[in-house]
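Following: one structure in structure tokens, then a few remarks.
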Amino acid sequence: MDDYHYSSQDNWEYGTGRTDPPKSRTGLMAVLLILVIFLTGIVTVLGVLNIRLFRQLSAREEEAELSISFTQEESAPEAVPETTVPAVSGSEFRLDLQRSPQAIENIPQEGGLSLQEIYSRCAPSVISITTDSASGTGVILSRDGYLVTNAHVVEGAGTISVRLSDDREFTARVVGRDAVSDLAVLSIDAADLTPAQFGDSDNLRVGDAVVAIGDPLGSELRGTMTNGIISAINRDVTVEGRTMSLIQTNAALNSGNSGGPLIDCYGQVVGINTLKIGSFVDRAGVEGLGFAIPSTTVKTIVDQLIAQGYVSGRPTLGLSGETLSSFYQHYYRLPAGLLITQVEDRGPADRAGIVAGDILLTLGDTAVKDMSTLNAVLSGCQIGDSIQATIYRSGKQGTVYLTVEEAKK
């Protein structure tokens, strides 16, 4: 085989052109692009700084012009009227505090007490209540340990702690609780308490001065007093299907005031604070709409709770429940109704075979979706009435008959 020699003029080329790959210019283009962006940024920043500097200089010029126009009187002497009070130099002027009259006590009407006297007299009778799920206020009924508060404050409570105005603490037990009137009587082991004096709420008039003492928003603000007037009497308010006849007041009430006293100008408790309407019903919110249970109602309920532990004539079916949300209805394909969460042992619902987890659809001719509707139906029943109920369980509906009984607790 003949040896093949490359010519010095071949230069690695064929007739069709060069065979080595062309050089890439991507890196160069990227560097140029970054440089352009960098320069553009510098120009922009300089422009912004120039604008700000121009504004600052303009502002300084305006201030300089204003200062000149006010300090050089000869430039515009007619601008200062002859009646203008001469300026007083800072070194000569001193603020003079005049002696104020001594503060006087606010006595709302003849024969009444001042606000200070009301607080001094009534505060020792107000207690703070804390449970494992809620907090509220209460009032001392007797020297030997009976207390009154709202039923919803101690609802479902495992442990109830009571703190007196002198910081002594006790564990309380529930003597009796009535959800219809939202009142509960508690008891502690004490014998030297300061009971509150209760007045007759039937003597109240719209416009009478009142105060509330309690723990708004919790025990951190315990012993707070707010004042107002009686805004309305015998105001019917529907709560969870029950209509309550209450005293309306504009004295500031908040969640921790529940169970505390509404006190008249004589230092007498004329109501037990129970609720407030003000949860931003509209954009502006609602203020000054508080309600208290009249003392005449308190006496009726408290006397029965202490004597027998319950209020006579309260109808019950021995069950409680909660609203079944739309999410659970669609997700588990369940009908709308009241999800039964608790059945009283040997009560009407228990004897009828109803268990927790069932869904109550109707009671009589009324569709039931919440406890308010159930309570509204019960309010029209008499003890001993038989009422038909439709129950949903495991994909099937059934009908049972329940006998309305008197609630014993």
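- Put simply, the side chain of Arg173 does not reach to within 4.5 Å of the side chain of Ile160, judged on heavy atoms.
- A salt bridge links Lys408 and Glu406; the closest N-O separation between the charged side-chain nitrogens and carboxylate oxygens is under 4.0 Å.
- For Arg121, the CZ atom is loosely surrounded, since the number of other residues' heavy atoms within 6.0 Å does not exceed 12.
- No more than 12 heavy atoms of other residues, nucleotides or ligands sit less than 6.0 Å from atom NZ of Lys299.
- For Asp365, the CG atom counts as loosely surrounded, since its 6.0 Å shell holds 12 or fewer non-hydrogen atoms of other residues, nucleotides or ligands.
- Looking at Ser245, its side chain never comes within 3.5 Å of a backbone N or O of Asp236 through a donor-acceptor pair.
- The closest side-chain donor-acceptor pair between Gln388 and Tyr401 falls under 3.5 angstrom.
- When all heavy atoms of Leu334 and Leu324 are compared, the closest pair comes out as CB-CD2, 3.9 Å.
- No side-chain N or O of Asp132 forms a donor-acceptor pair with one of Thr159 less than 3.5 Å apart.
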Test salt bridge (charged side-chain N to carboxylate O under 4.0 Å, His left out) applied to Arg205 and Asp264, step by step: CA-CA 11 Å; Arg205 299 175 301 169; Asp264 66 10; over 6 Å; no

Residues Arg314, Asp178; criterion salt bridge (charged side-chain N to carboxylate O under 4.0 Å, His left out); working and verdict: CA-CA 9 Å; Arg314 299 290 196 228; Asp178 181 49; 2.8 Å; yes

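- Judged by distance alone, the side chains of Asn375 and Ser372 never bring a donor and an acceptor atom under 3.5 Å apart.
- The backbone N or O of Tyr146 sits less than 3.5 Å from a side-chain atom of Ser142, completing a donor-acceptor pair.
- Annotation: side chain of Leu115 is in contact with side chain of Met225 (closest heavy-atom distance under 4.5 Å).
- Residues Arg177 and Leu305 form no side-chain contact, since every pair of their non-hydrogen atoms from C-beta on lies 4.5 Å or further apart.
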